[in-house]
Amino acid sequence: MRLDARFSFDSLVVGGGNRLAVAAARAVAESPGSVYNPLFIYGTTGLGKTHLMGAIATLARALQPEIEVEYLSLDEFMEQMHAAIAAGQLDAFARKYERIGLLLIDDVQFLAGRRETQGELLRLFERMQTQGRQIVLTSDRPPAEIQDIDDRLVSRLSGGLIVDVTAPDFETRVAILRTICQARKIQFKDGMLEELARFEFSNVRELQGALNRLVAHQSIGPDAAPAPRTSAAVERSVNEFDSFLTDVASAVQQHVESWQNRVRERVAFWQGEGYRTGVLSRALDLPKEPDVEGLLATFTAAVEHLKRLEKAASTADERLGADPVFRDPERLAEAEDLVEKALAGRTPPPAPALNFQRDAFDVGQSNQLAAHAADEIVANPGGKYNPLLVHGPSGVGKTHLLNAIGNAIADLPMPDGRTRIVGCVHAQKFIDELIAAIQNATVERWRTRYAHVDALLIDDVQFVAGKERTQEEFFVLFNTLVAEGKQIVLTSDRTPAEIPDLEARLRSRFEGGLVVAIQPPDRPLRERLFARYLEHAGRAAPPDLLQTLAEPVVQSVREIIGVVNRLGAVADAGGVAITSQMVRGELGMPTPLSGVPAVQRSRGTRDASFLDAEKIVWEWPDVTARIIEEFR
């Protein structure tokens, strides 16, 4: 889907209904991947969501010409995915999107009931976010209202910013009408646009349609304004001799630069295909014409060789298909060496994500035991708590802690001086790799990759349940690694005993180490998390603000990130600071009674000796025992 070049922030009329969305969209365009990722914009049709998408893409390209932008509807995404599945090229499909710096998908409300597409999008979003690539989505409703959608996907979207656009108010409608008339050079009598704007149109398209009808009536009426003049209607006076000289100069220039034009065309083509064109670009600066045919033929041959190498590498290890070495003909030798290692099974599994570090994992009562166990493991990998299984609901920090453990272990020195190999992979990725290995008869190579790690970390291990071959292979791998003193860390959304269709032999091994839970953040932890993310966003975090933010109970850290992002967008749109009053208004929290301390307000009339309303448990003691206790 191509974006209209007219869609820009300059041509966008900003009003009360879209101010927050525009501020967020501009922030995303100016710094893709670093703020509000993903950005989810919702609202009914005709309110400017597509215009916002186009404006984001236009500004992002202007500021970062090298960024790859892809804009498409959800239907187009599904068509591409189904075609890739039918052709057996799902891996290539995934690698294509992993290279995109800014992905914009329209109408994601059609995800309802499409579990396969939801799963693929979830995996794609996780990979893109880990690599710092921006995602922008639009829908006619918020994620929570899309029926039959995976809770993990809703949680992932909540970690960015969810913002709505609503119908324009009177002033905005007038501004839109005036902007359209100015662009089209249309004039009306004073007050006509204001009268038209008094009608409460549900969207901008209806407003434009009404204006078009007004223009049509005016053009045939007695008071019709003169037909607007266009630049095409203006006569141009051109001197014949000047025109002749221009034609001659153009012909000479075309003859002199014909070879350069050919090279530029191939540069544009190969850049569009995602390849580096440094060799061709440098040829344009040569003082005289080179062997253009030979240069282009050599470059094309190198690209074709890279394609064959990429296919061979992705067959051995599908994640290698996205390696930038296969996009640069000047790194042909590196690509060949990488393929050789991949075919020998010497390429390690995916490493932990570097953006998840232990010092960024805030600890409270809800996750204290899990954090302590993690520190013990890093102090002595493979010795204590092997395996460690961390379980809890989505978004409470299991993935963060898992990757933080992996990064800490990878930094530990080895006696022989080599670098530790730490594999950190999602269970679904683990399963997909095994299926690909079975298809390509490379299971032994797959086993070799995982058997040579110094630590293995698997996220969402509950997905191996019901997969007979995967459980069999994992059982053998598990025993091999533990016998060699190599650390295993797992995460799950439930305890081993609660995972259905998990083989008893795996369940007993999971429970043979340490099984520890992470709960939704308690109030003190919520305060620290809000303080951290506000500081990360460059915003003040006074104690009264943190106390207000921490009042509502949340189920995940992603909810906290989403709240900070939303409040930041509201503050930026209004040019104000985040205050307790603004938080209460934006989040729909009740206004407390004046003159009552914050702690007491949160408990109403409860005894002030109770410090946290969430921890109050009313127990009615046995009356007889109470009397004996009092009169002893």
Side-chain angles (χ1 to χ4, degrees), residues 1-32 35-64 67 69-77 100-110 134-142 160-186 193 196-197 200-212 215 569-570 572-573:
M1 182 184 294
R2 291 187 176 273
L3 285 167
D4 194 325
R6 295 172 299 174
F7 291 157
S8 67
F9 286 106
D10 292 336
S11 62
L12 189 65
V13 177
V14 182
N18 67 355
R19 181 174 288 108
L20 181 57
V22 171
R26 184 180 289 274
V28 163
E30 292 174 350
S31 185
V35 295
Y36 311 144
N37 193 18
L39 173 62
F40 191 101
I41 305 171
Y42 72 93
T44 56
T45 184
L47 293 178
K49 301 189 299 294
T50 301
H51 192 142
L52 271 175
M53 298 275 265
I56 292 172
T58 300
L59 182 56
R61 282 171 172 162
L63 297 177
Q64 302 182 47
I67 192 172
V69 178
E70 181 78 9
Y71 170 62
L72 71 170
S73 67
L74 183 71
D75 285 339
E76 290 174 322
F77 179 87
I100 293 171
L102 174 58
L103 175 62
L104 306 105
I105 301 181
D106 209 357
D107 292 329
V108 297
Q109 69 269 12
F110 296 118
Q134 180 67 48
I135 302 163
V136 182
L137 309 168
T138 69
S139 171
D140 64 357
R141 68 202 73 176
L161 177 64
I162 301 174
V163 61
D164 65 332
V165 287
T166 58
D169 51 28
F170 170 77
E171 293 80 3
T172 306
R173 292 196 293 270
V174 173
I176 291 173
L177 291 171
R178 289 178 178 176
T179 300
I180 295 174
C181 290
Q182 184 178 5
R184 295 167 59 180
K185 298 182 179 178
I186 302 171
L193 294 181
L196 178 60
E200 295 185 1
F201 297 96
S202 61
N203 60 58
V204 178
R205 290 198 186 103
E206 289 183 7
L207 182 65
Q208 290 176 327
L211 177 64
N212 289 336
V215 171
V570 172
D572 290 340

Student: Heavy atoms only: give me the nearest S8-A55 pair and the separation to one decimal.
Tutor: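 Between these two residues, the closest heavy atoms are C-CB, 3.6 Å.
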Student: Measuring only between side-chain heavy atoms, which start at C-beta, is V165 closer than 4.5 Å to I41?
Tutor: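 They are in side-chain contact.
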Student: Rounded to the nearest 0.5 Å, how far apart are CZ of R19 and OG1 of T166?
Tutor: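 The CZ atom of R19 sits 10.5 Å away from the OG1 atom of T166.
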Student: Considering non-hydrogen atoms only, spot the tightest contact between L102 and A60 and give its length.
Tutor: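 Answer, listing the atom of L102 first, then A60: CD2-CB, 3.7 Å.
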Student: Can you check whether Y36's main-chain N or O pairs, donor with acceptor, with Q134's side chain at less than 3.5 Å?
Tutor: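 Present.
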Student: Of the non-hydrogen atoms in A27 and V35, which two are nearest, and what is the gap between them?
Tutor: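 Result for this residue pair: O-CG2, 3.6 Å.
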Student: Closest heavy-atom contact between A25 and F9?
Tutor: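 It is C-CZ, 3.7 Å.
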Student: Under 3.5 Å, side chain of T138 to main-chain N/O of Y42, donor-acceptor pair present?
Tutor: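 Such a contact is absent between T138 side chain and Y42 backbone.
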Student: Any heavy-atom pair between the side chains of I56 and L39 that's under 4.5 Å?
Tutor: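 L39 reaches I56 side chain to side chain.
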Student: Is there a side-chain contact between D106 and T50 (heavy atoms, below 4.5 Å)?
Tutor: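 Yes. Closest side-chain heavy atoms under 4.5 Å.
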Student: Out of curiosity, F110 CZ to D140 CG, how far, rounded to the nearest 0.5 Å?
Tutor: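 It is 7.0 Å, given to the nearest 0.5 Å.
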Student: Could you point out which residue of L52, D572, L59 forms a side chain to side chain contact (heavy atoms under 4.5 Å, CB included) with R26?
Tutor: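 Option passing the side chain to side chain contact (heavy atoms under 4.5 Å, CB included) with R26: L59.
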Student: Is a donor on one side and an acceptor on the other found under 3.5 Å between the side chain of K49 and the backbone of T44?
Tutor: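 Such a contact is found between K49 side chain and T44 backbone.
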Student: Is any side-chain heavy atom of V136 less than 4.5 Å from a side-chain heavy atom of F40?
Tutor: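 No, side chains not in contact.
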Student: So, for P32 and Q64, which heavy atoms are closest and what is the spacing to 0.1 Å?
Tutor: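 Closest approach of P32 to Q64, heavy atoms only: CD-NE2, 3.0 Å.
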Student: Could you check if a side-chain atom of I105 sits within less than 4.5 angstrom of a side-chain atom of L72, using non-hydrogen atoms only?
Tutor: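 Answer yes - side chains close enough.
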Student: How long is the gap from CG on L20 to CG on D164, to the nearest 0.5 Å?
Tutor: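 Here the rounded value is 7.5 Å.
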Student: Would a 4.5 Å heavy-atom cut-off, applied to side chains only, mark E30 and V28 as touching?
Tutor: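 With C-beta onward as the side chain, the pair stays apart.
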